[in-house]
**Student:** 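One structure is given below, represented as structure tokens, and several questions about it will come after.
All residue numbers in this chain count up from 1 along the given sequence.
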Amino acid sequence: MKIMTYLHVVLAQAFYRWAMSEIDPTHPDVPRIMMRQKELSDKASRLFA
């Protein structure tokens, strides 16, 4: 199950990286996307810690 969760986290991180490169920096969702990226990186580091 950890592998599926890790795969989900990795794919979500890739999506959010792509979204940040495509979105206008003044878009109102940018802070939420940045917060979600931080949450995903924390989750990834906790999975195999």
**Student:** Given I33, which of H27, K38, M20 fulfils the side-chain contact (heavy atoms from CB on, under 4.5 Å) condition?
**Tutor:** M20
**Student:** With side chains defined as the heavy atoms from C-beta onward, is the minimum distance between E39 and M35 less than 4.5 Å?
**Tutor:** yes
**Student:** How about M34: does its CE atom have over 12 heavy atoms from other parts shown lying under 6.0 Å from it?
**Tutor:** no
**Student:** Would you say W18 and L40 are hydrophobically clustered, going by side-chain heavy atoms of ILVMFWY under 4.5 Å?
**Tutor:** yes
**Student:** V30 and P25: which non-hydrogen atoms are nearest, and at how many Å?
**Tutor:** CG2-O, 3.9 Å
**Student:** Should Q13 and R17 count as side-chain neighbours, where that means a heavy-atom distance under 4.5 Å?
**Tutor:** yes
**Student:** Take atom CD1 of I3 as the centre, draw a 6.0 Å sphere, and report whether it contains more than 12 heavy atoms from other residues, nucleotides or ligands.
**Tutor:** no
**Student:** Linking I/L/V/M/F/W/Y whenever their side-chain heavy atoms sit closer than 4.5 Å, directly or via other members, would Y6 and L11 fall into one cluster?
**Tutor:** no
**Student:** Which atom pair, heavy atoms only, marks the closest approach of K43 to T5?
**Tutor:** CE-CG2, 3.8 Å
